Amino acid sequence: MSEVDNFRQRVFQIIAAIPSGQVTTYGEVARMAGSPRAARQVGGVLKKLPEGSTLPWHRVVNRHGEISLQGEDFKRQRQALLAEGVMFRAGKIDLLTFGWKF
DNA sequence: TTACTGACTCGGA
DNA sequence: ATCCGAGCCAGTA
């Protein structure tokens with residue numbers, strides 16, 4: 001398979017371009033990657049990220065503006081977002097920072 | 001090769 | 001707003 005058709009490579013590239021302090025959804029990343037129904041696979045890709053990756057995976061949340069991770073991973077993602085100034089209200093991301101697009 | 005998985009989403013109730 | 005069932009599809013085994 002060629003580089004441009006590699007879904008994982010596209011996902012990396014798209015997420016790497018999300019500005020600090022802003023977030024997007026799995027579905028939006030999937031759409032931008034050219035596979036609108038592959039939202040689950042975006043999560044699947046992120047789950048397999050190498051330890052030392054600098055990819056801002058924490059800037060990707062579900063369509064409700066909530067963190068989909070559980071337990072310690074949930075805490076780490078929330079902490080990373082708070083550190084960037086992302087605002088939460090009742091466990092959901094404030095509409096101001098939700099909905100980033102190119 | 002086939003079978004199963006699931007950091008999701010949509011539509012309906 | 002919440003809950004649930006069904007569909008999706010790139011990885012993985």
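The structure displayed is predicted, hence computed values, not measured ones. Chain identifiers are assigned alphabetically (A, B, ...) following the order of the sequence lines, protein sequences preceding nucleic acid strands; residue numbering begins at 1 within each chain.
The minimum heavy-atom distance linking A:H58 with A:L81 is given by the pair O-CD2, 3.4 Å. Closest approach of A:P56 and A:A16 over heavy atoms only: CD-CA, 4.1 Å. Nearest heavy-atom pair across A:R89 and A:D94 is NH1-OD1, 3.8 Å.
Heavy atoms of A:G44 sit nowhere under 4.0 angstrom from any nucleic acid atom.
Two residues, A:L46 and A:R63, neighbour DNA chain B, and the one matched to the more 5' nucleotide by heavy-atom proximity is A:L46. Both A:R40 and A:S35 lie near DNA chain C, and the one whose nearest nucleotide falls closer to the 5' end is A:R40. Nearest-nucleotide positions on DNA chain C place A:A38 closer to the 5' end than the other of A:A38 and A:K48.
Considering only the side chain of A:Q41, B:dG6 comes nearest among B:dT9, C:dG11, B:dG6. Of the listed nucleotides (B:dA7, B:dT9, C:dT12), B:dA7 has the atom at the smallest distance from the side chain of A:Q77. Side chain of A:R37, nearest nucleotide from B:dA7, C:dC8, C:dT12: C:dC8. Of all nucleotides listed (B:dA7, C:dA10, B:dT9), C:dA10 comes nearest to the side chain of A:F7.
In this structure, the CH2 atom of A:W57 is 9 Å from the C1' atom of B:dA7, given to the nearest Å.
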